[in-house]
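Here is the structure we will look at.
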2 protein chains.
Amino acid sequence: MHPHFETYLQTHTTLLPENIQRVSSMAIRHTLRRNEFILSTGEICRHKVFVISGMLRMFSTSADSSEHILQFAPENGWTLDVESYDKQIPSLVNISAIEPSVILCWTKADFTSLLSDIPQFKSFADQIVARNIYYNRQRMLTMLSATPEERYESFVREFPGYLLRLPLRMIAAYLGISIKTLTRIRHTQLLRS
Amino acid sequence: MHPHFETYLQTHTTLLPENIQRVSSMAIRHTLRRNEFILSTGEICRHKVFVISGMLRMFSTSADSSEHILQFAPENGWTLDVESYDKQIPSLVNISAIEPSVILCWTKADFTSLLSDIPQFKSFADQIVARNIYYNRQRMLTMLSATPEERYESFVREFPGYLLRLPLRMIAAYLGISIKTLTRIRHTQLLRS
DNA sequence: TGAAAGTATGGTCAAATGACCTCTTTTTGA
DNA sequence: TCAAAAAGAGGTCATTTGACCATACTTTCA
């Protein structure tokens with residue numbers, strides 16, 4: 001049904017082929033243009049989303065129209081506003097495509113039944129949630145303790161490929177610094193090397 | 001066994017009395033002095049911890065010996081280094097008592113068996129995890145988008161009682177600002193009022 | 001109870017940061 | 001393909017922030 005996703009499940013889980021088929025068969029495929037939104041502030045998040053190709057971002061916009069990025073979701077990543085999805089309340093964030101992307105969507109009803117019917121799939125989902133918790137705690141610690149330059153360096157170390165894919169202003173919006181500061185950091189690093 | 005905790009479970013869950021007893025009976029009670037550690041960097045986190053009274057904090061210490069606070073755990077709160085606990089690997093953080101405190105501890109083996117034997121307890125635990133995820137996402141958004149003054153104000157709004165219980169330097173260590181900046185903010189707010 | 005540790009505040013100064021601006025280059029999409 | 005939009009870089013300046021210091025006050029605990 002969705003061969004890329006089925007391969008992903010084969011390599012990342014020990015699900016039986018029939019269960020892989022079942023999960024895959026309930027997904028709806030969408031193609032997104034650059035800058036296309038799949039969730040806007042005020043809407044309710046109704047799907048779990050898997051990224052087959054491309055890149056999405058979750059972000060919020062301040063009163064002064066500056067953007068703040070909570071998450072990048074590249075190929076083989078998952079994304080959703082979990083609070084809006086869980087409680088079915090209006091979302092405070094946006095999710096949109098940075099690159100032309102292909103995604104799979106499951107409705108909450110479908111995904112919930114998959115989780116309860118397939119315990120191994122549930123535990124795989126729990127693993128992904130756990131990884132997110134670990135990652136976000138580390139990110140918070142970095143925000144608390146590291147300088148903008150250290151944050152940038154750790155970002156580059158952690159996501160080497162993103163540097164070529166993302167506009168710098170989005171990296172700045174993820175690190176919580178101004179584009180000016182990021183430019184300065186990169187400038188001084190160039191001089192040093 | 002631990003009446004305060006049993007009351008907590010009665011009011012926050014729909015567990016049967018026999019299950020409340022079972023959960024409670026597996027807890028080990030500890031009394032902590034001010035500044036006493038229950039987890040230090042490099043140790044493995046072996047317990048889930050419920051705070052009966054007092055206040056704990058989870059924090060890390062930088063090379064320059066400055067502290068950065070990830071979480072406050074007041075009475076009726078839970079705390080542990082979830083990554084160290086899940087994987088049984090050395091922790092990167094410390095957990096210690098800010099005030100003289102009384103806590104309950106469950107070993108991982110005991111807690112795991114409670115979760116798998118009592119589905120309602122598992123779903124209660126999931127709720128607490130979910131609340132933490134929501135809260136931490138909001139905190140990250142605040143770190144990205146708000147000024148130190150706005151962060152302080154939202155902290156006071158969110159945890160009005162903490163202002164009287166916590167030294168200001170810990171509030172600064174939680175907000176990611178210097179104590180000097182926090183003092184300045186408070187000073188200008190005094191002048192305004 | 002009294003010495004020691006911890007805490008809050010404020011002065012001063014240097015450094016870091018962001019806002020606003022322009023200019024050039026690159027990318028996008030009709 | 002080409003006009004329009006977006007992106008990156010950098011200059012300037014005002015503001016914010018932190019480091020370091022000293023002082024006064026409070027809390028702790030032996």
Side-chain angles (χ1 to χ4, degrees), chain A residues 31-36 54-55 57 59 61-69 96-101 143-153 155-156 162-193, chain B residues 31-36 54-55 57 59 61-69 96-101 143-153 155-156 162-193:
Chain A
T31 299
L32 303 175
R33 284 162 306 182
R34 205 173 83 95
N35 288 330
E36 187 170 346
M55 171 106 70
R57 64 174 174 146
F59 67 102
T61 304
S62 295
D64 64 348
S65 83
S66 63
E67 295 175 350
H68 307 283
I69 297 181
S96 71
I98 296 175
E99 306 170 354
S101 303
M143 288 296 288
L144 289 175
S145 63
T147 63
E149 176 158 14
E150 290 163 346
R151 299 213 290 275
Y152 172 67
E153 281 167 359
F155 181 85
V156 173
Y162 285 13
L163 209 46
L164 299 168
R165 293 175 72 177
L166 297 174
L168 290 184
R169 67 178 183 85
M170 290 197 188
I171 296 179
Y174 183 85
L175 297 177
I177 61 181
S178 69
I179 175 84
K180 174 76 187 188
T181 298
L182 183 52
T183 295
R184 269 196 276 245
I185 290 170
R186 289 163 54 85
H187 180 77
T188 64
Q189 290 189 341
L190 263 183
L191 294 184
R192 277 210 292 272
S193 65
Chain B
T31 300
L32 303 176
R33 284 161 307 183
R34 205 172 82 95
N35 288 330
E36 187 171 345
M55 171 105 69
R57 65 175 174 147
F59 67 102
T61 304
S62 295
D64 64 350
S65 83
S66 63
E67 295 175 350
H68 307 283
I69 297 182
S96 71
I98 296 175
E99 307 170 354
S101 304
M143 287 297 288
L144 289 174
S145 64
T147 63
E149 176 158 15
E150 291 163 344
R151 300 215 289 276
Y152 172 68
E153 280 167 358
F155 180 86
V156 173
Y162 285 14
L163 208 47
L164 298 169
R165 294 174 72 177
L166 297 173
L168 290 184
R169 67 177 184 84
M170 289 195 189
I171 296 179
Y174 183 84
L175 298 177
I177 61 182
S178 69
I179 175 83
K180 174 75 186 189
T181 298
L182 183 51
T183 294
R184 270 197 275 244
I185 290 169
R186 289 164 53 84
H187 180 77
T188 63
Q189 290 191 340
L190 264 182
L191 294 184
R192 277 208 293 270
S193 64

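Keep in mind that the numbers below use all heavy atoms, side chains included, and drop hydrogens, waters and symmetry copies. Letters A, B, ... are given to chains in the order of the sequence lines, protein chains preceding strands, and every chain is numbered from 1.
Rounded to an integer number of Å, the gap from CG of B:L166 to P of C:dA8 is 10 Å. Spacing between atom OH of B:Y152 and atom P of D:dT16 amounts to 18 Å, rounded to whole angstrom units. One atom, CZ of A:R184, and another, C1' of D:dA9, lie 12 Å apart when rounded to the nearest Å. One atom, CG of A:L164, and another, P of C:dT26, lie 16 Å apart when rounded to the nearest Å. Between B:L144 atom CG and C:dG18 atom P the separation is 12 Å, expressed in whole Å. In this structure, B:M170 places its CE atom 9 Å from P of C:dA8, rounding to the nearest Å. A straight line from CZ of A:R165 to P of C:dT27 spans 16 Å, rounded to a whole angstrom. Separating the CD1 atom of A:I185 from the P atom of C:dA15 is a distance of 17 Å, rounded to the nearest angstrom.
Taking OG1 of A:T31 as the reference point, atom CZ of A:R33 lies at 10.5 Å (rounded to 0.5 Å).
Between B:T183 and A:G176, the residue whose closest nucleotide on DNA chain C is further toward the 5' end is B:T183. Position along DNA chain D of the nearest nucleotide to B:T181 versus B:N35 favours B:T181 as the more 5'-ward residue.
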With side chain to side chain contact (heavy atoms under 4.5 Å, CB included) as the criterion, how do A:M170 and A:F59 come out once you've worked through the C-alpha distance, each side chain's angles and the decisive distance to 0.1 Å?
CA-CA 10 Å; A:M170 290 197 188; A:F59 67 102; over 6 Å; no
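Applying the 3.5 Å distance criterion, the base of C:dG29 shares no donor-acceptor pair with the side chain of A:R33. Looking at A:R186, its side chain has no donor and acceptor atom pair within 3.5 Å of the base of D:dG10. Contact annotation: side chain of A:K180 to base of D:dG8, donor-acceptor pair absent below 3.5 Å.
Among the heavy atoms of the strands, none lies under 4.0 Å from A:I179.
Here the closest non-hydrogen pair linking B:L144 and A:I69 is CD1-O, 3.4 Å.
A:S96 places no side-chain N or O within 3.5 Å of a backbone atom of A:N35 that could act as its donor or acceptor partner. A:R151 contributes a side-chain N or O that, together with a main-chain N or O of A:A146, makes up a donor-acceptor pair within less than 3.5 Å.
For B:R34, whose side chain is taken as the heavy atoms from C-beta onward, the closest listed nucleotide among C:dT17, C:dT7, C:dG10 is C:dT7. Checking C:dT7, D:dA7, D:dT17 against the side-chain heavy atoms of B:P167 singles out C:dT7 as nearest.
OP1 or OP2 of C:dT9 has not a single side-chain nitrogen or oxygen of B:H187 nearer than 4.0 Å.
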